Protein chains: 2
Amino acid sequence: MTQSCTNISPKQAAQCCSPVDTLLDPELFKALCDPTRALILACLIKCARPCAVSEIAECCAVDTSVVSRHLATLARAGLLDSAKQGRTVSYAARADHLSRTLRALADAVDQSRLSPAAQSCC
Amino acid sequence: MTQSCTNISPKQAAQCCSPVDTLLDPELFKALCDPTRALILACLIKCARPCAVSEIAECCAVDTSVVSRHLATLARAGLLDSAKQGRTVSYAARADHLSRTLRALADAVDQSRLSPAAQSCC
DNA sequence: TGCATGATTGCGTCATTGTGCAAATGATAG
DNA sequence: CTATCATTTGCACAATGACGCAATCATGCA
């Protein structure tokens with residue numbers, strides 16, 4: 001590890017690909033940045049079982065249609081699984097996937113901290 | 001651990017406080033959900049050193065004033081440290097804080113998964 | 001076949017936010 | 001004191017997104 005490698009510019013860093021780049025995914029955080037969605041996801045994580053849309057709607061103060069849209073958004077981000085049975089649709093938190101994703105990002109951040117300016121390309 | 005405790009409704013879960021509730025903080029994710037901000041933060045994490053605003057502005061395609069605002073947002077969310085020296089302001093990623101926060105959330109999620117419907121209040 | 005129910009979608013509205021430009025602020029050098 | 005440089009702030013504009021209501025779709029039941 002040389003001195004020159006530990007003191008690169010942000011511009012150089014931008015071209016220097018690291019796991020952080022892909023794991024720090026704005027699309028994932030976009031799903032989590034809304035208070036109503038965060039509440040819904042927290043409920044589903046704590047329930048730890050598939051829940052129907054109407055059931056989930058009871059835990060927040062917005063219209064069922066809004067809840068439905070939020071659930072679709074969370075599912076699209078990979079945070080929920082959905083299953084249709086009859087006319088009810090159940091959503092369940094993908095808790096394992098979420099915690100693994102968070103840990104992977106934490107690992108990548110720590111990696112950059114320990115070996116700055118990833119020697120992968122500088 | 002009884003059966004009745006592992007099958008609560010989302011509404012009950014909402015009233016059941018868990019570390020997930022506070023750690024799944026929309027305010028944090030709001031800071032991370034913008035592509036430009038994510039890029040800036042990734043750069044600072046990879047640099048692993050304090051960088052001036054003008055320096056950071058070189059790594060993304062928006063106006064310096066926009067970068068300045070994004071940096072303020074990230075700092076307000078606790079993701080960056082700022083230090084003023086003369087007329088230049090330097091921002092540095094709080095990588096340790098970020099990775100600790102992510103791991104704490106991952107732990108809370110796993111905890112809910114292993115002991116559903118936190119026995120803390122149900 | 002008709003009707004009720006759970007979920008989704010279309011649409012209009014309102015609030016928020018990302019952006020660029022210009023002006024202002026703060027600090028250093030001549 | 002004035003000019004210059006780094007950063008921030010004011011302002012206007014456009015895009016995005018959350019929301020409620022109503023209509024629609026899909027399924028189950030009489």
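By convention in this document, chain letters (A, B, ...) are assigned in the order of the sequence lines, proteins followed by strands, and residues within each chain are numbered from 1. Note that the structure is a prediction, hence the values are computed from the model and not measured.
- The structure places CG of B:Asp81 at 12.0 Å from CG of B:Leu74, a figure rounded to the nearest 0.5 Å.
- Not a single donor-acceptor pair under 3.5 Å links the side chain of B:Lys84 to the backbone N or O of B:Val89.
- For the segment residues 29-37 of chain A, the set of residues with a heavy atom within less than 4.0 Å of an atom of DNA chain D comprises A:Lys30, A:Asp34, A:Thr36, A:Arg37, in numerical order.
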When you look at B:Asp25 and B:Lys30, which way does the salt bridge (Lys or Arg N to Asp or Glu O under 4.0 Å) test go after all the steps? CA-CA 9 Å; B:Asp25 178 19; B:Lys30 211 173 283 183; over 6 Å; no
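- The only option from B:Leu71, B:Thr73, B:Leu32 that meets the side chain to side chain contact (heavy atoms under 4.5 Å, CB included) definition with B:Arg37 turns out to be B:Thr73.
- Along DNA chain D, read 5' to 3', the first and last nucleotides having any atom under 4.0 Å from a heavy atom of chain B are D:dT4 to D:dC11.
- Cluster membership check: B:Leu44 does not share its hydrophobic cluster with B:Leu39, using side-chain heavy-atom separations under 4.5 Å among Ile, Leu, Val, Met, Phe, Trp and Tyr.
- Atom CZ of A:Arg49 sits about 7.0 Å away from atom OG of B:Ser9, to the nearest 0.5 Å.
- Contact check, B:His70 against C:dT17: no side-chain N or O comes under 4.0 Å of OP1 or OP2.
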Contact pattern, 5' to 3', of nucleotides 3-13 of chain C - B, S or - by protein heavy atom under 4.0 Å: -BBSSBBBB--
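- Applying the side chain to side chain donor-acceptor pair (under 3.5 Å) rule to A:Arg103 yields the partners B:Asp107, B:Asp110; only residues at least two apart in sequence or on another chain are considered.
- With hydrogens and angles ignored, the 3.5 Å screen pairs no side-chain donor or acceptor of A:Gln111 with any backbone N or O of A:Ala108.
- Note that NE2 of A:His97 and CG of A:Leu80 are 11.5 Å apart. Values are rounded to the nearest 0.5 Å.
- For A:Ser115 (side chain) and A:Ser112 (main-chain N/O), no donor-acceptor pair under 3.5 Å exists by modelled atom type.
- Atoms OG1 and CD1, from B:Thr36 and B:Ile40 in turn, are 6.5 Å apart once rounded to the nearest 0.5 Å.
- For B:Thr64, the side chain to side chain contact (heavy atoms under 4.5 Å, CB included) partners are B:Val53, B:Ala57, not counting sequence neighbours.
- One axis for each end of the helix from C:dT1-D:dA30 to C:dG30-D:dC1, each built from five base pairs, and the angle between them comes to 10° at 10° resolution.
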